[in-house]
Amino acid sequence: MNRMDAGSEAEDSALAYLKNAGLKLIHRNYRCKAGEIDLVMLDGKTLVLVEVRYRSSADYGGAAASVTYRKQRRIITAARHLLAVRADLRRYPARFDVIAISSFGRYDVQWIKGAFLA
């Protein structure tokens with residue numbers, strides 16, 4: 001499996017995981033010039049902006065550690081763009097979550113709520 005396929009499969013798994021937890025999908029792969037938000041979801045009355053990270057090995061710190069400060073800034077900028085375009089979403093408080101998926105040893109999903117702040 002190549003990297004693109006693995007990433008897409010991880011995103012599908014994250015979406016199923018979050019839907020199973022009761023979240024509702026608003027948008028998938030929201031892209032703008034500044035960056036991308038993998039999943040835009042509602043958790044009750046909270047807008048959840050989700051970054052999905054997949055790593056097949058623990059080298060370089062694993063999936064959660066790969067959400068660097070620079071990556072966070074790109075996601076935050078994309079979120080600002082989303083909220084400028086989708087005024088209907090501004091009424092919700094927002095949260096940035098990370099779904100970290102690793103497959104070394106066994107398939108493991110870690111949901112980090114409120115992983116970083118804007």
Under 3.5 Å, side chain of Asp108 to main-chain N/O of Ser102, donor-acceptor pair present? no
Can you measure from CD (Glu11) to OH (Tyr54) and round to the nearest 0.5 angstrom? 14.0 Å
Got a sec, which pairs hit side chain to side chain donor-acceptor pair (under 3.5 Å) with one end in residues 74-87, sequence neighbours left out? Tyr30-His81, Arg86-Asp88
Derivation and outcome, side chain to side chain contact (heavy atoms under 4.5 Å, CB included), residues Leu39 and Asp97: CA-CA 10 Å; Leu39 302 170; Asp97 289 2; over 6 Å; no
Taking all non-hydrogen atoms of both residues into account, name the closest pair between Ala115 and Val98 and its distance. CB-CG2, 3.5 Å
Is there a side-chain contact between Arg28 and Asp12 in this structure, where contact means two heavy atoms from C-beta onward sitting under 4.5 Å apart? yes
Please tell me whether Tyr17 and Leu49 are part of a single hydrophobic cluster in this structure, the criterion being side-chain heavy atoms less than 4.5 Å apart. no
With rounding to the nearest 0.5 angstrom, report the CD1 to OH distance, Ile26 to Tyr92. 6.5 Å
Can you measure from CZ (Phe116) to CD1 (Ile75) and round to the nearest 0.5 angstrom? 4.0 Å
Where is the tightest heavy-atom contact between Ala64 and Ala100, given as atom of each residue plus distance? N-CB, 3.7 Å
Counting C-beta onward and ignoring hydrogens, is there a side-chain heavy-atom pair between Val50 and Leu18 closer than 4.5 Å? yes
Closest approach of Ile99 and Ala14, non-hydrogen atoms and distance? CG2-CB, 3.7 Å
Any carboxylate oxygen within less than 4.0 angstrom of a Lys/Arg side-chain nitrogen, looking at Asp43 and Arg95? yes
Are Arg91 and Lys45 close enough that some pair of their side-chain heavy atoms sits under 4.5 Å apart? no
To the nearest 0.5 angstrom, please state how far the NE2 atom of His27 sits from the CG atom of Leu89. 10.0 Å
Rounded distance (nearest 0.5 Å) linking atom CD1 of Ile101 with atom CZ of Arg55: 11.5 Å
List the atom of Leu23, the atom of Trp111, and the distance in Å for their closest heavy-atom pair. CD1-CH2, 3.7 Å
Over all atoms of both residues, closest heavy-atom pair of Gly35 and Ala78: C-CB, 3.9 Å
Strictly distance-based, threshold 3.5 Å: is any side-chain N or O of Glu51 a donor or acceptor partner for the main-chain N or O of Val67? no
Salt bridge flag under 4.0 Å for residues Arg31 and Asp38: no
Distance col, row Arg53:CZ vs Gln110:CD, nearest 0.5 angstrom, shows 13.5 Å
Which pair of heavy atoms, one from Leu25 and one from Leu15, lies closest together, and at what distance? CD1-CD1, 3.9 Å
Same cluster for Ile76 and Leu47 if Ile/Leu/Val/Met/Phe/Trp/Tyr side chains link at under 4.5 Å? yes
So if you build clusters from Ile, Leu, Val, Met, Phe, Trp, Tyr with side-chain heavy-atom gaps below 4.5 Å, do Met41 and Ile37 land together? no
